[in-house]
Amino acid sequence: MKIEIYSTKFTAFLCFIIFSTFFLINFYKNFYIYGFSNILLFCSGIIISFLMIYKLLNFFSQREFIIVLLMFCFFLRVTWILSFKTPLESDFKIMFEGALQAATGDFRFTELPYFLSYPYQLGYTLYQSLVIQVFGQTAFVIKLLNVVYSCGTALMIYLIVSILFNEKAGRIGGMIYAINIPNIVLSSVLTNQHLASFVFYLSFYLIISNYSKKRYSGIVIGSLLSLGNIIRPVGPVLLIAIILYYLISKILKKENFSIRNTLCILSSYFIIHAILSYALILSGVTNYSLENRDPLWKFVTGLNAETVGMYSSSDSELLGKYSLGNVRNEKSLEVIKERLLNNHHLFLLFSKKYSLMWGEEDTALYWSLNQLNEKKVNLILSNIDRIIYMSSFVFAIIASIFIILRKNIKLDIMLVQFFVIGYILIHLIIEVQTRYRYEIIPSFTILEAIGIGLTGQYIKKKYENARLKFKGNNLH
C-alpha cells in the first residue's frame, strides 16, 4: 500500500512541478501582452466559468450528456471547416497529392525525397487514398472525418475521467476539450493528429477500463497502438508509459496486471507494424518499411541552439549533401555529439525549448488561417486560447496537489501522468513546434477535469459545513 501511495505521489509531484512552471511561463509571457489586472480578471472569469459549467452539466442524464457533448463538439468543428476553407500546403499538400495518385493505383510518388526520407508518412497518405476511393477526390470528407475523430477523443476524455475520478468530472473534461481552440481550427487542416490521437486515447480507455480484463484484450490494444503509430509515430512514448504502468501494477500485484496481456500488447504492436510494412514492400508500393529513414534528424534540429530546437534550413542543407542511410546517420551523429559536448549552455537551450514549446502561441491557428488573410479572427482566437490555456494549468496544479495529499487515489492515473512526463522530456531533445502539443492536450484536459472535480467537491463540502453551522446558530 505504501509503495502505491509513494508511486502516485512521486509522479503527481513531478506533474505539479511541470504544471506550475507551465503556468509561470505563460503568466510571464501574457503579463507583457495583457497586464496583471487583465490576466487576473480573464483567468478568474475562465475558472469561474468552468466551475459553473461543471455544476450546470448535472441537469442532463448520462445518455443526454453524451449526445449533447458529441453534437456540440461536431457543430463547432463543422462550422469551422465550412467557414474557413484552409488551402493545402507543406507536408499536408504532399501527402494529399500522394493520396490522389495512390487512389488511381499510381505509386510513383513514393520516389519523392519526402517519402524516401520518411516512408512512415505512407500510413496516413494511404489512409487518405482509401477515403478518396470511397468518397471521391475531395479533401472535405477527410476534414469531416477529422471532426468525427475529434468528437471521439472528447468522448474518450469523458470516459477516462469518469473512471479515474467520477462521471461528473468526466463531463467537464469532455466539454473543455470540445471548446479547445487549436483542436477546432485544425479540423480544416489535413493533419494526421486527429485520427492518431483518437486511436491512442481509445487505447488508454481500454487499458484502464474493465475491457483490459478480457482474455485477448492485449491484442486489440496493441493493434490499436500500432495503427495509431503508423498514422503518427508517437507510439514509442505511449508504449513506454504503458510498460511503466504495467510494471508498477505488477509490483503492486494489481488485478489489472496480466503478463499475458502485456506480452500481447507488445507483440501485436510490432507484428501489425511488420505485417503492414512487408505488405507494402511485397505489393510494390515502396521499397522500405514504414519507418523513419532519417531517424536522427529530429535530434539534430532539436539540439540546434540557433533555432532553439526548431526547424533549421542550415541543418537541412548540411545533411542534404549526404545520401540517406549510414552515411547521413554518421554525419548526423557527429553533429549531435558535437552539440552535446561543445554546447556549454545546454541547460539554457533546454530551458528556452521548454519555454517555447509550452509557453508560446499554438501554431494551429497559423496552419489553419495563414493563407486566408483572416488576421482579425486569428488575433481574437489567439488571445482567447492563451488565457484558457494558462487557466487550465491552475486546475492541473490543484489535481496534482490533491493527489499528493490524498491516500485514496487510483493507480490508473499514473498512466496519464507517465505519458505527460515522457512527452515533455522527449521534446527537450527533439525538434519542437507548438503544434506538436496536440497529442498531449487531452492528457492535460484529463488532469484539469480532475482538478475541477476536486475543487467542486471542496467548495460543496465547505458550503454544506457553513450551512449546517448557520442552521445550528439559528437554533440557538
Side-chain angles (χ1 to χ4, degrees), residues 1-27 40 43-44 46-55 58 157-158 160-173 176 204 208 241 244-245 247-249 251-256 358 389-425 440-469:
M1 185 65 183
K2 283 186 177 180
I3 298 174
E4 179 179 354
I5 293 170
Y6 291 143
S7 298
T8 53
K9 287 182 184 298
F10 178 68
T11 52
F13 178 69
L14 291 178
C15 286
F16 169 76
I17 293 172
I18 287 168
F19 292 125
S20 296
T21 54
F22 283 1
F23 178 79
L24 291 173
I25 288 167
N26 282 275
F27 185 89
L40 192 62
C43 281
S44 299
I46 295 295
I47 290 168
I48 292 168
S49 297
F50 282 170
L51 289 171
M52 288 176 66
I53 294 169
Y54 172 73
K55 183 69 176 175
N58 292 323
I157 290 171
Y158 161 72
I160 290 169
V161 177
S162 296
I163 293 172
L164 295 180
F165 192 67
N166 62 36
E167 196 264 344
K168 197 174 176 181
R171 295 185 179 202
I172 189 64
I176 288 173
F204 269 23
I208 66 171
L244 286 172
Y245 166 73
L247 281 174
I248 291 177
S249 296
I251 293 168
L252 299 175
K253 298 179 180 178
K254 289 291 176 182
E255 289 182 6
N256 61 346
W358 308 108
Y389 179 66
M390 182 177 69
S391 302
S392 68
F393 296 130
V394 173
F395 289 112
I397 291 167
I398 290 171
S400 301
I401 292 171
F402 270 89
I403 293 168
I404 292 169
L405 298 177
R406 282 191 172 189
K407 291 183 179 180
N408 57 336
I409 296 296
K410 291 184 179 179
L411 178 70
D412 295 331
I413 200 169
M414 291 182 70
L415 178 60
V416 178
Q417 291 173 329
F418 281 141
F419 182 46
V420 168
I421 294 165
Y423 198 83
I424 289 163
L425 287 176
I440 203 65
I441 290 297
S443 291
F444 289 174
T445 307
I446 289 166
L447 296 174
E448 179 187 356
I450 292 172
I452 293 173
L454 287 164
T455 305
Q457 283 185 350
Y458 179 80
I459 292 171
K460 183 180 179 181
K461 186 178 179 180
K462 287 294 182 183
Y463 172 76
E464 288 177 351
N465 289 341
R467 189 176 64 176
L468 289 171
K469 187 177 180 180

Check the pair L454 / F165 against side chain to side chain contact (heavy atoms under 4.5 Å, CB included), numbers first and verdict last. CA-CA 9 Å; L454 287 164; F165 192 67; 3.5 Å; yes
Holding to side chain to side chain contact (heavy atoms under 4.5 Å, CB included), I want the full list of residues that pass it with S162, two or more places apart in sequence or in another chain. Y158, E167
Suppose we call two aromatic rings close when their centres sit under 6.0 Å apart. Are F418 and Y245 close by that rule? no
Would you compute the distance between atom CD1 of I208 and atom CG of L164 and round it to the nearest 0.5 angstrom? 4.0 Å
From W358 atom CH2 to F393 atom CZ, the distance as rounded to the nearest 0.5 Å: 8.0 Å
Nearest 0.5 angstrom please: L447 CG to I18 CD1, how far? 10.0 Å
Run the side chain to side chain contact (heavy atoms under 4.5 Å, CB included) test against I397 and tell me which residues pass, sequence neighbours left out. F16, F19, S20, F23, I401
Let me confirm one number: the CD1-CD1 distance from I398 to I452, rounded to the nearest 0.5 Å. 9.0 Å
Value rounded to 0.5 Å, distance of CZ in R171 from CG in N166: 10.0 Å
Rounded to the nearest 0.5 Å, what separates atom CG in L415 from atom CZ in F204? 4.5 Å
Applying ring-ring contact (aromatic ring centres under 6.0 Å, His included), can you list everything that pairs with Y423, at least two apart in sequence or on another chain? F419, H427
For S443, which residues count as a side-chain hydrogen bond (donor to acceptor under 3.5 Å, both in side chains) partner, sequence neighbours excluded? Y201
Does Y389 have any side-chain hydrogen bond (donor to acceptor under 3.5 Å, both in side chains) partners at least two apart in sequence or in another chain, and if so, which? none
Listed partners of L425 passing side chain to side chain contact (heavy atoms under 4.5 Å, CB included), at least two apart: I421, L428
Residues in side-chain hydrogen bond (donor to acceptor under 3.5 Å, both in side chains) with T21, at least two apart? Y354
